[in-house]
*Asks:* 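One structure, pasted below without further comment.
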Amino acid sequence: MLVLDNDDVATAPAIKAEITAQHTLHGGTLYFLKHDSAATKTPMALSVFVPEGEGPFPVFLWLSGLTCTANNFTEKAGAYKKAAELGLIVVAPDTSPRGEGVANDDAYDMGQGAGFYVNATQSPWAAHFQMETYVTRDLLELIGAQFPTDMSRVGISGHSMGGHGALTLAMNHSNLFTSVSAFAPIASPVHCPWGQKAMAGYLGPNHDAWEIYDAAMRLARGKALSYDDILIDQGLADPFLDTQLMPHLLEQAAKVVGQKLTLRRHEGYDHSYYFIASFIDDHLEFHAARLKT
Ligand SMILES: N[C@@H](CCC(=O)N[C@@H](CSC=O)C(=O)NCC(=O)O)C(=O)O
């Protein structure tokens, strides 16, 4: 049963979402939505694919990378045929709050399009850049209230900055997620220029605050032990591999605590959505196997 009305406005107690577009594909429906987030204090955009049938369906939540909107994954990953077959709801939110009153930076790796899935504590970011609370509270509440979901079965995945988001949110909110995977994730923001810039800007100079959002450090502290395996895919022709991503740090951290982590290295694949499209079915199957009732 789908809760959204066909008058283009859906309401539930305290939750409202506007359907901005909808398309039928692979027997299911892809919705583009806008809703107000109490965490970011802005409207937030997202897409939601609902497979054919009654539900309740498990949820695959995707977090995108730097410069992305909700549309990059939706349009480029080619995820929906397999999601329809597996009976998964697929949710792809935007990567940051946006708008004229929202702080920004001229560079692509900070500000709008680069929220890093953290709760900012520093000015001018703290006013709206509350992406951790947005994803783990407002977004999940919306999906749970408006779609035929089983919110006890949610898997999380993402790419690059979104891979860092998927890993850290899975470890910091293990009560919300059953399974976790990532494509070319930023393994340790503390050790790479993208991460150092974002953490300093959003969280300030105290490195204790950064470590909460550092996947390799969280892993080494046993924060993923509720997950039976973590699937990571990494292209070996990825230009960011050695300078920004460093997935070997995840392998090393997992070893320290006996965490199972499957890191697959793929010769010839780069950082693009062509890489994601090549292996997204494996990730959907990885999650579906763990989200089965
Ligand atoms: N413009 C930048 C790199 C931007 C980039 O590659 N973004 C990736 C994610 S990188 C890590 O989070 C992305 O997903 N882009 C969108 C897409 O559709 O490909 C540069 O030139 O270095």
Side-chain angles (χ1 to χ4, degrees), residues 30 32 45-47 49 60-80 90-98 104-118 120 125 129 131-132 134-135 156-170 180-203 210 213-216 231-250 263 265-266 268-280 283-284:
L30 177 66
F32 289 90
L46 69 147
S47 77
F49 172 74
F60 175 83
L61 171 57
W62 174 266
L63 303 181
S64 295
L66 291 168
T67 72
C68 290
T69 65
N71 295 14
N72 298 68
F73 177 82
T74 309
E75 292 166 358
K76 294 180 172 179
Y80 301 119
V90 179
V91 179
D94 203 348
T95 51
S96 78
R98 294 179 195 270
N104 204 1
D105 189 280
D106 288 341
Y108 73 90
D109 54 4
M110 190 78 198
Q112 298 186 32
F116 269 83
Y117 307 100
V118 303
W125 310 107
F129 284 75
M131 286 300 287
E132 178 180 20
Y134 169 65
V135 172
I156 187 165
S157 186
H159 172 227
S160 197
M161 175 186 76
H164 137 83
L167 292 168
T168 54
L169 295 188
V180 57
S181 73
F183 287 81
I186 299 171
S188 182
V190 166
H191 290 106
C192 75
W194 276 342
Q196 288 161 351
K197 178 177 176 183
M199 297 299 134
Y202 294 136
L203 305 174
W210 300 17
Y213 296 113
D214 189 286
L231 175 61
I232 312 272
D233 276 318
Q234 176 63 58
L236 294 179
D238 185 328
F240 302 117
L241 173 56
D242 296 325
T243 49
Q244 304 280 10
L245 306 174
M246 306 175 213
H248 65 281
L249 296 178
L250 294 172
L263 172 56
R265 294 173 167 90
H266 302 281
Y269 287 88
D270 61 22
H271 198 63
S272 70
Y273 267 86
Y274 296 111
F275 163 56
I276 295 169
S278 302
F279 298 103
I280 190 67
H283 285 244
L284 292 165

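All values below were derived from every heavy atom in this structure, side-chain atoms included, with hydrogens, water molecules and symmetry-related copies excluded. Residue numbers run from 1 in the order of the sequence given. First listed ligand is number 1; within each ligand, the first listed atom is number 1.
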*Asks:* Tell me the protein heavy atom at minimum distance from atom 3 (C) of ligand 1, and give that distance in Å.
*Replies:* Tyr108 CE1, 3.8 Å
*Asks:* Between ligand 1 and Met161, is the shortest N or O to N or O distance under 3.5 Å?
*Replies:* yes
*Asks:* Closer than 4.0 Å to some heavy atom of Trp194 - which atoms of ligand 1 meet that?
*Replies:* 10 (S), 11 (C)
*Asks:* Would a line drawn from the ring center of Phe279 to the ring center of Tyr269 be shorter than 6.0 Å?
*Replies:* yes
*Asks:* Is there a side chain to side chain contact (heavy atoms under 4.5 Å, CB included) between Asp105 and Trp125? Walk through the geometry before answering.
*Replies:* CA-CA 10 Å; Asp105 189 280; Trp125 310 107; 4.1 Å; yes
*Asks:* With nothing but distance in play, are any N or O atoms of Tyr273 less than 3.5 Å from an N or O of ligand 1?
*Replies:* no
*Asks:* Give the residue and atom name of whichever protein heavy atom lies nearest to atom 14 (O) of ligand 1, and the separation in Å to one decimal.
*Replies:* Cys68 SG, 3.3 Å
*Asks:* Which value, rounded to the nearest 0.5 Å, describes the distance between Leu66 atom CG and Ser96 atom OG?
*Replies:* 10.5 Å
*Asks:* Distance under 4.0 Å to a non-hydrogen atom of His159: what atoms of ligand 1 satisfy this?
*Replies:* 9 (C), 14 (O)
*Asks:* Is any side-chain heavy atom of Met199 closer than 4.5 Å to a side-chain heavy atom of Val118?
*Replies:* yes
*Asks:* Could you identify the single nearest non-hydrogen protein atom to atom 18 (O) of ligand 1 and state the distance to 0.1 Å?
*Replies:* Lys76 NZ, 2.6 Å
*Asks:* How close does the nearest protein non-hydrogen atom get to atom 11 (C) of ligand 1, and which residue and atom is it?
*Replies:* Ser160 OG, 2.2 Å
*Asks:* Is a donor from one side chain sitting under 3.5 angstrom from an acceptor on the other, for Ser188 and Asp214?
*Replies:* yes
*Asks:* Does any non-hydrogen side-chain atom of Tyr202 lie less than 4.5 Å from one of Phe116?
*Replies:* yes
*Asks:* Which protein heavy atom lies closest to atom 7 (N) of ligand 1, and at what distance to 0.1 Å?
*Replies:* Leu66 O, 3.0 Å
*Asks:* Could you tell me the residue and atom name of the protein heavy atom closest to atom 15 (N) of ligand 1, and the distance to it rounded to 0.1 Å?
*Replies:* Thr67 OG1, 3.6 Å
*Asks:* Side-chain contact, heavy-atom cut-off 4.5 Å: Thr95 with Tyr117?
*Replies:* yes
*Asks:* How far is atom 6 (O) of ligand 1 from the closest protein heavy atom, and which atom is that?
*Replies:* Phe240 CE1, 4.0 Å
*Asks:* Parallel under 30°, tilted from 30 to 60°, perpendicular over 60°: which one fits the rings of Phe73 and Tyr273?
*Replies:* perpendicular
*Asks:* Among all the protein's heavy atoms, is there at least one whose distance to atom 22 (O) of ligand 1 comes out below 4.0 Å?
*Replies:* yes
